[in-house]
Novice: 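For reference, the structure I am asking about is given below.
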Amino acid sequence: MSLARPLFVALVAASSLVVATPSPAQDNYPNHPVKVVVALPAGGSVDMVARLLSQQLATDLGQPFVVDNKAGASGQIGTPVVAKAAPDGYTLMVSPASFLTTNKSIFKTLPYNPETDFAPVTKLVNQAMVLVVRDKTRFATVGDVLAAAKANPGKLSYASSGDGSPQHLAGLMFESRTGAKLLHVPYKGGAPAITDLIGGVVDMAFAPLPEALPHIKAGKLHPVGVLSEKRAVSAPDIPTLREGGVDNVVLSAWIGLLAPAKTPQPILDRLNKSAKTLLEGDSKAKLLEVGMEPATSETKPLGQVIAEEIRIHAELVKAAGLVPQ
């Protein structure tokens, strides 16, 4: 028997061992500061989670994790930075669901592919959406909002953090389910949208609960109802829209951690472990207090969640008759 075949088999086996062994760079990760991109302005709920996570990662892994806000164009400025970054774990992203799901239906083209350009690490939190207004006298209930919207089609305005954002999607769902016609006013982030709502520039907003809750507690905004099956744990006094007579308007916004595609699995595992430490540790109570629910009990992989929600949101956008930009 020729020696060539056994030698070939041995070489293949040896090469497999080499591939399976983590590189020294992976073993030493991280050995210098890590950038955490947030494609939204500072001050919103996504930014809040990114900063909490960055503190936890720095504590666990021994290097600075620096939040880098790259806002604008509904995520199309900051998100491609991560998509095109080297897959070495030194550029990460904390992102709202919309930049990875709804954007694919809202825009004709994107400078990134949400299903192939990223290595999803984990979903971090879920957050209820709440319909809030400034004028409690005029809009005490969701029935008041509907009556005003139907009496003045296309004139009642709602703010969002941008085209394709959870706030925008919530508005589309509200219109689709109720037959109301609203005026969408997009902003570059949740914080400026809330600021203009408080200032009376717009009539209302469908906001993530963490962004609206401080202003609700301060009496600056009135919560009409949450877009969920049941009342939020962190705000049990706010009714659901269903309790107000509006059914099938149910939407929550999640926030996830992602790395560039092809980032080595040992690095992803290290990041995932720290994220779970954050969500199950002392920060859990803090997150619940501000309206965020840690996603520690979810078993569905984040990549699967993204793929499924892309299809669901596409159907909603199509049903609303929204033309991609």
Novice: Tell me, please, which residues at least two apart from H184 pass ring pair (Phe, Tyr, Trp, His ring centres under 6.0 Å).
Specialist: Y158, H168

Novice: Looking at R231 and D237, is any side-chain nitrogen of the basic one under 4.0 Å from a carboxylate oxygen of the acidic one?
Specialist: no

Novice: Decide yes or no on salt bridge (Lys or Arg N to Asp or Glu O under 4.0 Å) for K273 and D269, but give the supporting numbers first.
Specialist: CA-CA 6 Å; K273 182 179 179 181; D269 292 342; over 6 Å; no

Novice: Which atom pair, heavy atoms only, marks the closest approach of Y112 to F99?
Specialist: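 Reported closest heavy-atom pair: OH-O, 2.6 Å.
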
Novice: Could you tell me whether a side-chain N or O of N103 sits under 3.5 Å from a main-chain N or O of S74, the two making a donor and an acceptor?
Specialist: yes

Novice: Can you list the steps and then say if E298 with N126 is a side chain to side chain donor-acceptor pair (under 3.5 Å)?
Specialist: CA-CA 10 Å; E298 299 195 16; N126 291 304; 2.5 Å; yes

Novice: Please lay out, stage by stage, how T102 and H313 fare under the test side chain to side chain donor-acceptor pair (under 3.5 Å).
Specialist: CA-CA 6 Å; T102 320; H313 294 185; 2.8 Å; yes

Novice: Is it true that a side-chain atom of T59 and a backbone atom of Q55 form a donor plus acceptor pair closer than 3.5 Å?
Specialist: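 Yes: the side chain of T59 pairs with the backbone of Q55.
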
Novice: Would you sort out whether L302 and W254 count as a side chain to side chain contact (heavy atoms under 4.5 Å, CB included), showing the intermediate values?
Specialist: CA-CA 10 Å; L302 180 54; W254 53 261; 3.7 Å; yes

Novice: Taking the six-membered ring for Trp, are H32 and Y90 closer than 6.0 Å centroid to centroid?
Specialist: yes

Novice: Would you check if the side chain of N272 reaches a backbone N or O of L268 as a donor-acceptor pair within less than 3.5 Å?
Specialist: no

Novice: Do the side chain of K150 and the main chain of T178 share a donor and acceptor less than 3.5 angstrom apart?
Specialist: yes

Novice: Check this for me: K217, atom NZ, are more than 12 non-hydrogen atoms of other residues, nucleotides or ligands nearer than 6.0 Å?
Specialist: yes

Novice: Mark yes or no for whether R177, through its side chain, and V249, through its backbone, hold a donor-acceptor pair below 3.5 Å.
Specialist: no

Novice: Can a donor-acceptor pair be found, under 3.5 Å and without considering hydrogens, that links the side chain of D135 to the backbone of R138?
Specialist: yes

Novice: Could you tell me whether D282 and K284 have a side-chain N and a carboxylate O separated by less than 4.0 Å?
Specialist: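 No, this pair does not count.
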
